[in-house]
Amino acid sequence: MQISVNKQLKEIPEESDLVSLLKQLNIKDKSSIAIAVNQQVIPRQEWSKKILKEEDKVLLITAYEGG
């Protein structure tokens with residue numbers, strides 16, 4: 001199925017959750033990431049429960065230190 005991740009189309013398996021999406025994207029450091037699906041922020045403890053659907057729009061936000 002297709003979803004959008006930061007405005008780029010990605011093909012992912014059916015029934016994928018946010019944790020599996022991060023694995024597919026090779027994102028290992030999850031400590032500084034926030035995720036929104038269809039403009040709704042998903043709390044970290046819900047990532048494994050949030051099943052993605054066709055045409056979902058996922059926004060990955062990474063916090064950086066510095067100034």
- Message: By the side chain to side chain donor-acceptor pair (under 3.5 Å) test, which pairs, at least two apart or in different chains, include something from residues 1-10?
- Response: none

- Item | Heavy-atom pair with the smallest gap, counting every atom of Glu11 and Gln24 | O-OE1, 4.5 Å

- Query: Taking side chain as C-beta onward, heavy atoms only, is Leu52 less than 4.5 Å from Leu21?
  - Reply: yes

- Beyond-backbone contact of Ile27 with Thr62, side-chain heavy atoms, under 4.5 angstrom: no

- Which distance, rounded to the nearest 0.5 Å, do you find between the CG of Leu60 and the CD1 of Ile35? 5.5 Å

- Can you see which heavy atom on Val19 is nearest to which on Asp17, and at what distance? N-OD1, 3.0 Å

- Are Met1 and Val5 linked, directly or through other ILVMFWY residues, by side chains that come within less than 4.5 angstrom of each other? yes

What donor-acceptor contacts under 3.5 angstrom involve side-chain atoms of residues 37-48, with partners at least two apart or in another chain?
| unit_1 | atom_1 | unit_2 | atom_2 | d |
| --- | --- | --- | --- | --- |
| Asn38 | OD1 | Lys57 | N | 2.9 |
| Asn38 | ND2 | Asp56 | OD1 | 2.9 |
| Arg44 | NH1 | Lys30 | O | 2.5 |
| Arg44 | NH2 | Lys30 | O | 3.3 |
| Arg44 | NH2 | Ile33 | O | 3.1 |
| Trp47 | NE1 | Ile42 | O | 3.1 |

- To the nearest 0.5 Å, tell me how far Ile12 CD1 sits from Glu54 CD. 8.5 Å

- Are Leu22 and Val58 in one and the same hydrophobic cluster, where Ile, Leu, Val, Met, Phe, Trp and Tyr link if side-chain heavy atoms are under 4.5 Å apart? yes

